[in-house]
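Each remark here refers to the structure printed beneath this line.
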Number of protein chains: 2
Amino acid sequence: MESQDLKRAGLKATLPRLKILRFLEESDQRHMSAEEVYKALLEAGEEVGLATIYRVLTQFEAAGLVTRHHFDEGHSVFELNLGEHHDHIVCVRCGRVDEFVDEVIEARQHRIAEEKGYEMTDHALYIYGVCPECRKAGGRRTRAEGRG
Amino acid sequence: MESQDLKRAGLKATLPRLKILRFLEESDQRHMSAEEVYKALLEAGEEVGLATIYRVLTQFEAAGLVTRHHFDEGHSVFELNLGEHHDHIVCVRCGRVDEFVDEVIEARQHRIAEEKGYEMTDHALYIYGVCPECRKAGGRRTRAEGRG
DNA sequence: GGCTGGAATGAGAAGATTTCGCATTTAGAA
DNA sequence: TTCTAAATGCGAAATCTTCTCATTCCAGCC
């Protein structure tokens with residue numbers, strides 16, 4: 001039961017929090033903005049205020065239930081933590097997101113932090129590119145493609 | 001002369017663009033938000049509208065003169081491109097930013113993009129942690145530290 | 001060196017995302 | 001069931017960024 005997950009995370013098992021957590025678990029979308037969660041819940045007949053969505057997602061992040069990402073858009077997207085860490089490769093044309101894990105990169109990151117004297121708390125690696133479908137399709141480009 | 005740099009980048013050499021470019025070159029801060037550029041120019045007696053700062057920085061980005069970063073704050077920061085690529089390690093307490101290059105990571109990123117069928121256009125690697133000074137100092141923590 | 005057309009700028013409004021303040025409701029323990 | 005602190009909902013507000021459009025400026029041409 002999800003309410004146990006919330007309690008374990010140190011959060012009171014309120015209805016809005018349960019709805020949000022259940023929705024994140026059941027959605028086939030892995031990466032969702034606060035707005036998207038809000039609208040999806042609305043459509044499902046579950047009314048949760050937008051401010052609450054933001055508050056709850058931030059609490060979930062602090063509790064380690066979700067991770068907040070800053071892709072090259074203007075807003076945060078959230079992803080349910082399923083245990084395994086991974087990084088992301090994002091299509092700059094269609095927004096598609098694929099995931100990958102690379103142990104070599106992981107290891108070198110730790111080593112770099114250590115060399116610099118940092119106590120590493122987190123890291124984020126985003127590869128941007130044109131996904132296979134968009135390469136076949138060709139076509140217009142977005143601002144993000146103009147980067148160095 | 002900077003106006004040549006602008007022309008070469010395909011941009012008309014206007015006064016605001018020159019001021020902004022010169023400022024980025026002369027500043028000892030490597031990473032600046034639009035707001036910071038705006039205020040710094042104001043203090044230097046160079047009045048450039050904030051909207052222009054945003055427009056120009058976006059053009060500079062498209063022209064490859066600067067790179068836009070999304071650290072874990074709510075806004076973009078810009079960095080003058082000096083040729084060499086590098087990644088960043090950011091202190092979650094004080095905001096200090098160090099840079100590093102790791103050829104192994106670079107190579108693996110290319111390989112991953114290739115394996116996934118992506119045509120890589122860019123990538124961003126941020127390591128977050130507590131910098132040596134803040135580790136010595138101890139003390140309060142920020143939201144970003146609560147991540148997975 | 002002045003003239004001209006189209007591009008660039010400035011100022012403020014507007015848009016987008018996120019947070020805040022506070023009255024009301026709710027979870028969970030007594 | 002009753003109670004209290006915590007959570008929620010709503011709208012206002014804060015923050016960051018883009019847009020609109022009248023005015024100004026750059027660059028080529030005389």
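Throughout, a chain's letter reflects where its sequence line sits, starting with A, and its residues are numbered from 1.
No engagement by A:Glu35 is indicated, since no non-hydrogen atom pair under 4.0 Å with the nucleic acid exists. If you check every strand for non-hydrogen atoms under 4.0 Å, A:Ala13 touches sugar and phosphate atoms only.
Axis angle between the ends of the helix from C:dG1-D:dC30 to C:dA30-D:dT1, five pairs each and rounded to 10 degrees, works out to 30°.
In terms of position on DNA chain D, the residue among B:Ser33 and B:Leu11 whose nearest nucleotide sits closer to the 5' end is B:Ser33. Between B:Thr14 and A:Ser76, the residue anchored closer to the 5' end of DNA chain C is B:Thr14, taking for each the nucleotide with the nearest heavy atom. Between A:Thr52 and B:Lys7, the residue anchored closer to the 5' end of DNA chain D is A:Thr52, taking for each the nucleotide with the nearest heavy atom.
When the P atom of C:dG10 is taken as reference, atom CG of B:Leu15 falls 9 Å away, rounded to whole Å. Rounded to an integer number of Å, the gap from A:Gln59 CD to C:dT18 P is 16 Å. Rounded to an integer number of Å, the gap from A:His70 NE2 to C:dT17 P is 13 Å. Spacing between atom CG of A:Leu18 and atom C1' of D:dT8 amounts to 14 Å, rounded to whole angstrom units. Look at NE2 on A:His75: it is 14 Å from P on C:dT19, rounded to the nearest Å. Spacing between atom CZ of B:Arg17 and atom P of D:dA27 amounts to 9 Å, rounded to whole angstrom units. Here the P atom of nucleotide D:dT18 and the CD1 atom of B:Ile53 are 13 Å apart, to the nearest Å. At whole-Å resolution of the value, CG in B:Leu50 and C1' in D:dT20 are 16 Å apart.
Residue B:Glu103 holds its CD atom at 8.5 Å from NE2 of B:His85, rounded to the nearest 0.5 Å. Atoms NE2 and NE2, on B:His70 and B:His75 in that order, are 10.5 Å from each other to the nearest 0.5 Å.
In this structure, B:Glu115 pairs ionically with B:Arg111, as a charged nitrogen and a carboxylate oxygen lie closer than 4.0 Å. A salt bridge links A:Asp98 with A:Arg96: at least one charged nitrogen is closer than 4.0 Å to a carboxylate oxygen.
The phosphate of C:dT18 has OP1 or OP2 within less than 4.0 Å of a side-chain N or O from A:Tyr54.
Clustering ILVMFWY residues whenever any of their side-chain heavy atoms sit less than 4.5 angstrom apart, transitively, puts B:Ile105 in a cluster other than the one holding A:Tyr128.
The number of heavy atoms from other shown groups lying within 6.0 Å of CD (A:Glu114) does not exceed 12.
Ranking C:dA7, D:dT20, D:dC10 by closeness to the B:Lys12 side chain, first place goes to C:dA7.
No donor-acceptor pair closer than 3.5 Å links the side chain of A:Lys19 to the backbone N or O of A:Thr14.
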